[in-house]
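Each chain gets a letter, A, B and so on, in the order the sequences are listed, and its residues count up from 1.
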Amino acid sequence: MEKKYNHELCEEKNYKLWEDSGYFNPDNLPEGESYTVVLPPPNVTGKLHMGHAAMLAYQDALVRFNRMRGKKTLWLPGTDHAAIATANKTEKIIYEKEGKTRHDLGRDLFLERVHQFAKDNHDTIINQVKKMGASLDWSREAFTLDEERSLAVRTAFKRMYDDGLIYQGARIVNWDPFMQTTVSDDEIEYKEEKTSFYYLQFGPFVIATSRPETKLGDKYVVMHPDDRRYKKYEHGQKITVEWINGEVIATVIKDDVIDPEFGTGVMTITPWHDNTDFEIAERHNLEKEQIIGFDGKMLPIAKEFEGLKIKKARALVVEKLREKGLVVKVEENYTHRVALNSRGGGVIEPQIKKQWFVDVNKKFNLSFSKIKGFKTGDEVSLKELMQKVVETGEVKIFPDRFNKIYYQWIDNLHNWCISRQIWYGHQIPVWYKEGETYCDINPPQEEGWEQDPDTLDTWFSSGLWTFSTLGWPKETEDLKKYHPTDVLETGYDILFFWVARMILMTTYNLGEIPFKNVYLHGMVRDGKGKKMSKSLGNTIDPLDMVDEYGADATRLSLVIGSAPGNDIKLSEDKIRGYRNFANKIWNISRFIMMRTEDYDNSVTEKDWSDEDKAIYSEFVEAAKETTKNLEEFKFSLSAETIYHYIWHTFADKVLEDSKSVLDDESRKKTRQDLLRRILLESLKVMHPFMPYVTEEIYQRFPFSDKKETLMIEEWPVL
RNA sequence: GGGCGGUUAGCUCAGUUGGCUAGAGCGCAUCGCUUACAUCGAUGAGGUCAUAGGUUCGAGUCCUAUACCGCCCACCA
């Protein structure tokens, strides 16, 4: 054995050994209780980042641990087509290189390009996942947009459509005029901006707005019913008002969403372009008019302002209001929040549009239920299902403070807008012909039907992930054996996007929970606590770290010193520290190998001296604690315990003391047996955290009765 | 406006149902190239565990306030 552990020579080789052994695939493991984890599928938009590395480190630890404990363990890999993100990136690249937009290429040609881009990224990502040492069953790999998943998506859509849970409706959506698509509430980012705040004379009222250009069509003036100042105006009263483009007849509306303290306590509404206004209009059955087109330009209703872009129109509208003497005052430097598309698009312009929705409040009959608290046939809503499975503890969330956050989110949950005006993704399985609508898993046979051009929100397909990957809607053996899954391990940032949607989809479609436990890890930040981002230039590339210090060190640095749900701060120093630990284990093994060359394998535990036994029991204590902590998802404590034992007890004390013992012929033999024993078992216990170095030593060390790989050795303690 | 975290060694963080003489990594100081390892070893400096009260035999850990950081959610025109 070399003086230093060289990860470069060991990692690829051992991954191949594991893969070739076939034991990533549970079909090749002995029968037993199943243990399932599905990998949160990385997006095919780029390469692996530290967040992925963290997720792989945690999950691989769980999976290897349970495999060694004799569970029939399945860790199922895959990737996510990440509709909007992937389409955007591709379009951006095409635009930069060729100056063409997706409209220049057309749907088919553009999709071809996206598929190629997705495929290239997929290959990169998969290779990187392997480099981390992840013991995933590649024979079951899935993609959220492949044939089987597509069938699952269409099946789920059809069922929900038939149950009346999916409907088409006109609603205010977050429209991105730049990317020509809708954006979900969760994908919006707000940015504070200084702007002018205008007080305008609207008949007898003064109204305040930061967006005068939307006010062109306003003909409803709204105030709080209890506001004394406006007592003399009746609900429904008509008032003639001189406005931007001449006289309008305005109607007084009283509604208690109005805050009398804000501005003047009166506002006019623009139902087509504002969510609050839309809701007021819905409540009072008011007319809604579109002012701004989907291209972000003023419509004919704006008369002289027609065709102007929003910013330009605003300036001109204000100018005209000034000329007419309708501007009462202007507050400069008014702070308000601008909604932006977080997927790299433009400023959001609310619009009314026909969209597909999942109704989360509508009651339906559960066609089948194994869910605690609900029987087959019970009448429930999706919202109730989502709530109940966490309330009853059937799905447990770690750390549990996220329960509260989850409930709060459910309470605020609106119907889920699932249609997207992009081309890449699962096209909605609905066809139209002469005013007729047809929804099915497969297209209609006859000629002349045209499919809805929209695609589904990417979370619709990833919501099915725990069971679509196991072959659903077919009734497969895998589905029976491996579902519900045991643990869903992911970052807390996608608790709502994804975890909640999986609960929705699984309880609805299967009548059971998707997973028993949800473990949420934090975001990986840099050494100073800043979010790692390309623009800040503070990213640490996991692959660079793997090359430099090894996958084991990189993994351990992400596991130790981080608490569930708390952000992980990572620095290169920390990784280097754990690289040194890998080397320490290496040298411990070297020492034992050199000093036990004349090992007598007839010696057993029975022959041990009391001192030997005492030393061993100290190991057992540490191993037990490691085990217990890992069972309870206390990754950091678990790894730290065995780390500390190996370095500061086994190496610093036991080996140091053993030097003299090994020189003493009378005590040597049993001590040799003891050291070999503790070494082997330490390797096992360390293996879930540092698979490569432990495997490499295992392969080289002349242990008796070795198996093909350490990966399937038996866990040493209960 | 609601909610959730954090505040522990110079830095970044752990701390399991309250028992801690408060730990880890990195950094720092002194010594040591001793045939497992200098990616090391030995020794050491460094903390009124944010602040103020309280519960308790005992509190970093539980309770109540306060301060400052951070995050999430929400329709303030």
Side-chain angles (χ1 to χ4, degrees), chain A residues 1-7 172 185-186 190 197-199 207-211 214-215 218 222-223 257-270 274-280 334 336-337 350 399 401-409 411-414 492-493 495-496 522-523 525-531 549-550 553 556-557 559-563 565-595 625 628-629 632-641 643-644 647-648 651-652 655-656 658-659:
Chain A
M1 271 172 101
E2 305 79 3
K3 249 180 142 174
K4 285 197 169 92
Y5 169 60
N6 186 342
H7 63 269
I172 287 265
D185 289 348
D186 303 318
Y190 291 94
F197 195 56
Y198 303 92
Y199 287 78
I207 58 158
T209 182
S210 56
R211 301 206 47 196
T214 64
K215 298 281 149 196
D218 284 8
V222 193
M223 62 211 69
V257 293
I258 303 297
D259 177 2
E261 305 292 315
F262 186 85
T264 55
V266 187
M267 69 174 191
T268 61
I269 56 165
T270 314
D274 184 278
N275 198 38
T276 311
D277 296 4
F278 177 84
E279 280 167 18
I280 294 172
Y334 174 75
H336 82 145
R337 296 195 312 169
R401 67 184 143 91
F402 282 96
N403 281 318
K404 206 167 175 179
I405 297 171
Y406 178 83
Y407 295 137
Q408 191 191 324
W409 181 79
D411 288 342
N412 291 322
L413 185 63
H414 297 297
Y492 65 74
D493 56 329
L495 177 64
F496 309 136
M523 304 295 101
R525 290 166 191 278
D526 72 4
K528 295 191 180 89
K530 288 225 174 71
K531 204 168 180 174
Y549 304 108
L556 203 59
S557 71
V559 169
I560 293 186
S562 69
N566 283 7
D567 291 347
I568 305 158
K569 286 179 193 127
L570 186 65
S571 63
E572 201 171 327
D573 280 346
K574 191 172 175 188
I575 302 171
R576 191 183 304 119
Y578 291 115
R579 185 271 317 260
N580 295 352
F581 176 59
N583 192 55
K584 189 75 190 181
I585 306 179
W586 183 259
N587 275 293
I588 288 168
S589 314
R590 250 183 92 210
F591 173 81
I592 296 174
M593 199 190 282
M594 290 160 85
R595 302 297 293 264
E625 213 181 314
K628 184 171 155 275
N629 284 324
E632 295 170 359
F633 304 114
K634 289 168 186 160
F635 294 96
S636 178
L637 283 171
S638 178
E640 203 184 329
T641 304
Y643 166 95
H644 201 267
W647 198 321
H648 299 296
D652 290 352
L655 292 196
E656 286 307 321
S658 295
K659 283 175 181 172

Rounded P spacing from B:A50 to B:G15 in Å:
15 Å
Check whether any side-chain N or O of A:K584 sits under 4.0 Å from OP1 or OP2 of B:G41, and answer yes or no.
yes
What is the distance, rounded to the nearest whole Å, between atom CD1 of A:I258 and atom P of B:C76?
13 Å
List the atom of A:S589, the atom of A:M1, and the distance in Å for their closest heavy-atom pair.
CB-CE, 4.1 Å
Under 4.0 Å, heavy atoms only, any strand: does A:I207 hit a base, just the sugar-phosphate, or nothing?
nothing
Does the plane of the ring in A:H7 sit parallel, tilted or perpendicular to the ring in A:Y5? Use 30° and 60° as the thresholds.
tilted
How close or far is atom C1' of B:C40 from atom CD1 of A:I588, stated in whole angstroms?
12 Å
Name the residue closer to the 5' end of RNA chain B, choosing between A:T276 and A:N587 according to the nucleotide with the nearest heavy atom.
A:N587
Across the strands shown, which category fits A:E656 at heavy-atom distances under 4.0 angstrom: base, sugar-phosphate, nothing?
base
Whichever of A:S589 and A:T268 has its nearest RNA chain B nucleotide further upstream toward 5':
A:S589
When the P atoms of B:C26 and B:A65 are compared, how many Å lie between them, rounded to an integer?
41 Å
Which is true for A:R579 with a 4.0 Å heavy-atom rule: it touches a base, it touches only sugar-phosphate, or it touches nothing?
base
Taking A:S636 for the side chain and A:G561 for the main chain, is one N or O donor matched with an acceptor at less than 3.5 Å?
yes
Locate the shortest heavy-atom distance separating A:V559 from A:A639; write the atom from each residue and the value.
CG1-CB, 4.0 Å
What's the CD-C1' distance between A:E2 and B:C40, to the nearest Å?
18 Å
Give me the distance, rounded to whole Å, that separates B:C62 from B:U7 when you measure between the P atoms they each carry.
11 Å
For A:T268 versus A:K215, what's the shortest heavy-atom pair and its separation?
O-NZ, 2.9 Å
Atom-pair distance (CZ on A:F635; C1' on B:U16), nearest Å:
15 Å
Could you tell me which non-hydrogen atom of A:R211 sits nearest to which non-hydrogen atom of A:T209, and how far apart they are?
N-OG1, 2.8 Å
Looking at every strand, decide which applies to A:A582 at a 4.0 Å heavy-atom threshold: base, sugar-phosphate, or nothing.
nothing
Hey, does the side chain of A:W586 reach the backbone of A:E2 with a donor-acceptor pair shorter than 3.5 angstrom?
yes
Under 4.0 Å, counting only non-hydrogen atoms across every strand here, what does A:G265 touch: a base, just sugar-phosphate, or nothing?
base
Considering only atom C1', compute the distance from B:A29 to B:U8 and round it to an integer number of Å.
23 Å
Of A:W409, A:Y406, A:F402, the residue whose pairing with A:F496 passes ring-ring contact (aromatic ring centres under 6.0 Å, His included)
A:W409
Please tell me whether A:Y578 and A:Y549 form a close aromatic pair, meaning their ring centres lie under 6.0 Å apart.
no
Find every protein N or O atom lying less than 3.5 Å from an N or O atom of nucleotides 24-35 of chain B, and list the pairs.
from, atom 1, to, atom 2, distance (Å)
B:C26, O2', A:D573, OD2, 3.0

A:K4 NZ to B:C40 P, straight-line distance once rounded to whole Å
9 Å
Does the A:N587 side chain pair with the main chain of A:K3, one donor and one acceptor, at a distance under 3.5 Å?
yes
Using modelled atom types and a 3.5 Å cut-off, is there a donor and acceptor pairing between side-chain atoms of A:D567 and backbone atoms of A:G522?
no
Atom P, compared across B:U55 and B:C11: separation rounded to whole Å
34 Å
For B:G60 and B:U48, measure between their P atoms and round to the nearest Å.
13 Å
Expressed in whole Å, how much space separates the P atoms belonging to B:C49 and B:G10?
13 Å
Check nucleotides 2-6 of chain B for protein N or O atoms closer than 3.5 Å to its own N or O atoms and list the pairs.
from, atom 1, to, atom 2, distance (Å)
B:G2, N2, A:Q408, NE2, 3.3
B:G3, O2', A:Q408, OE1, 3.3
B:C4, OP1, A:K404, NZ, 2.4

List RNA chain B stems (3 or more consecutive Watson-Crick/G-U pairs, under 3.5 Å)?
B:1-7 with B:67-73, B:10-13 with B:23-26, B:28-32 with B:40-44, B:50-54 with B:62-66
Base, sugar-phosphate alone, or nothing: which one does A:D652 contact when heavy atoms must sit under 4.0 Å apart?
sugar-phosphate
Expressed in angstrom and rounded to an integer, what is the separation of A:N629 atom CG from B:G15 atom C1'?
11 Å
Quick check for you: to the nearest 0.5 Å, what is the distance between A:D277 atom CG and A:T214 atom OG1?
8.0 Å
Candidate nucleotides B:C72, B:G41, B:A14, ranked by approach to the side chain of A:A563 - the nearest
B:A14
Grab the CD-P distance between A:E572 and B:U12 for me, whole Å please.
18 Å
Would you find a donor on one side and an acceptor on the other, under 3.5 Å apart, between the side chain of A:N412 and the backbone of A:Q408?
yes
For the CZ atom of A:F278 and the CD1 atom of A:I269, what is their distance to the nearest 0.5 Å?
11.0 Å
Can you check the A:N583 CG to B:C40 P distance for me, whole Å?
7 Å
Between B:U34 and B:G46 - P atom distance, rounded Å
31 Å
